[in-house]
Engineer: 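Dumping the structure here so I can ask a few things about it.
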Amino acid sequence: MEYWAAAAVTLCSAGLGLVFSAGRVRAGQGNERLNALYLLARSAALVLLALIPLAVYSRPLLGAVTAAMLAAQLIDGGIGLYSKSRPKTAGPLFMALLHAVCLWRLAPL
């Protein structure tokens with residue numbers, strides 16, 4: 001059960017990043033849009049990585065992808081702190097907490 005919950009959290013987290021970056025591409029102009037396209041490419045790669053553990057049952061692989069998403073969410077939370085935005089801080093840090101719990105539950109006893 002822990003495996004599938006972790007896979008779902010990881011995929012949802014990656015998917016949220018993809019949706020957010022796609023929105024920035026649509027809204028952006030000039031260099032802002034170009035930067036958003038780079039973000040979209042990285043977000044799409046994370047979604048593809050998050051899909052692999054759904055097709056291939058591998059706890060180490062899922063752990064690695066979940067750890068990558070944990071790092072991404074922690075960095076996003078730091079950016080939220082820097083921008084002094086509560087939603088842009090709380091959302092990513094909450095997701096980071098979920099990833100940390102998933103990693104803890106995936107760890108062998």
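These numbers were taken from a predicted model, which means no experiment stands behind them. Along the sequence shown, residues carry numbers from 1.
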Engineer: For residues Ser21 and Leu39, report the shortest heavy-atom separation together with the two atoms involved.
Structural biologist: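 Smallest heavy-atom distance, with atoms named: CB-CG, 3.6 Å.
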Engineer: Quick check on the hydrophobic clustering: are Leu70 and Leu49 connected, directly or via other members, by side-chain heavy-atom contacts under 4.5 Å?
Structural biologist: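 Per the 4.5 Å side-chain linkage, Leu70 and Leu49 are not co-clustered.
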Engineer: Could you tell me whether the side chain of His99 reaches within less than 4.5 Å of the side chain of Leu103, counting heavy atoms only?
Structural biologist: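 Not touching, per the 4.5 Å side-chain cut-off.
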Engineer: Can you tell me how far apart CZ (Arg33) and CZ (Arg26) are? Round to the nearest 0.5 Å.
Structural biologist: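 Taking CZ in Arg33 and CZ in Arg26, the distance rounds to 9.5 Å.
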Engineer: Looking at Arg59, I'd like to know if its CZ atom is crowded, meaning that more than 12 non-hydrogen atoms belonging to other residues, nucleotides or ligands lie closer than 6.0 Å.
Structural biologist: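 Yes, because the 6.0 Å sphere around CZ of Arg59 holds more than 12 heavy atoms from other groups.
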Engineer: What is the distance from atom CG of Leu37 to atom OG of Ser43, rounded to the nearest 0.5 Å?
Structural biologist: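 Answer rounded to 0.5 Å: 11.0 Å.
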Engineer: Within this structure, what is the CG-CG distance for the pair Leu51 and Leu46, rounded to the nearest 0.5 Å?
Structural biologist: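 Going from CG on Leu51 over to CG on Leu46, the span is 11.0 Å.
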Engineer: Is there a path of hydrophobic side-chain contacts, each under 4.5 Å between heavy atoms of I/L/V/M/F/W/Y residues, joining Leu48 to Leu40?
Structural biologist: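 Yes; Leu48 is reachable from Leu40 via cluster members.
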Engineer: Between Arg42 (side chain) and Tyr38 (backbone), is there a donor-acceptor pair under 3.5 Å?
Structural biologist: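 Side chain of Arg42 to backbone of Tyr38: a pair is present.
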Engineer: As an exercise, state the distance from CG of Leu34 to CD of Gln29, rounded to the nearest 0.5 Å.
Structural biologist: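 Interatomic distance, Leu34 CG to Gln29 CD, rounded to 0.5 Å: 12.5 Å.
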Engineer: What are the two closest non-hydrogen atoms of Ala6 and Leu62, and how far apart are they?
Structural biologist: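 Closest approach of Ala6 to Leu62: CB-CD2, 3.8 Å.
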Engineer: Just grab all the side-chain hydrogen bond (donor to acceptor under 3.5 Å, both in side chains) pairs involving residues 64-92, residues at least two apart or on different chains.
Structural biologist: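 Non-adjacent pairs meeting side-chain hydrogen bond (donor to acceptor under 3.5 Å, both in side chains): Thr10-Thr66, Ser13-Gln73.
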Engineer: Given a cutoff of under 4.5 Å between side-chain heavy atoms of I, L, V, M, F, W and Y, with clusters grown through shared members, what are the other residues clustered with Val19?
Structural biologist: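 None; Val19 is a cluster of one.
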Engineer: Under the ring pair (Phe, Tyr, Trp, His ring centres under 6.0 Å) test, which residues partner Tyr3, sequence neighbours left out?
Structural biologist: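 Expected list: Tyr57.
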Engineer: Calculate, to the nearest 0.5 Å, the distance between atoms CG and CD1 belonging to Leu74 and Ile79 respectively.
Structural biologist: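 Those atoms lie 11.5 Å apart.
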Engineer: State, yes or no, whether a side-chain contact exists between Leu98 and Phe94 at a heavy-atom distance under 4.5 Å.
Structural biologist: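 When only atoms from C-beta onward are counted, Phe94 and Leu98 do touch, with a gap below 4.5 Å.
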Engineer: For the atom pair CG (Leu97) and CG (Leu93), what is the distance rounded to the nearest 0.5 Å?
Structural biologist: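 One gets 9.0 Å once the value is rounded to the nearest 0.5 Å.
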Engineer: Side-chain contact test, heavy atoms from C-beta onward, threshold under 4.5 Å: evaluate it for Val65 versus Ile52 and give yes or no.
Structural biologist: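 They are not in side-chain contact.
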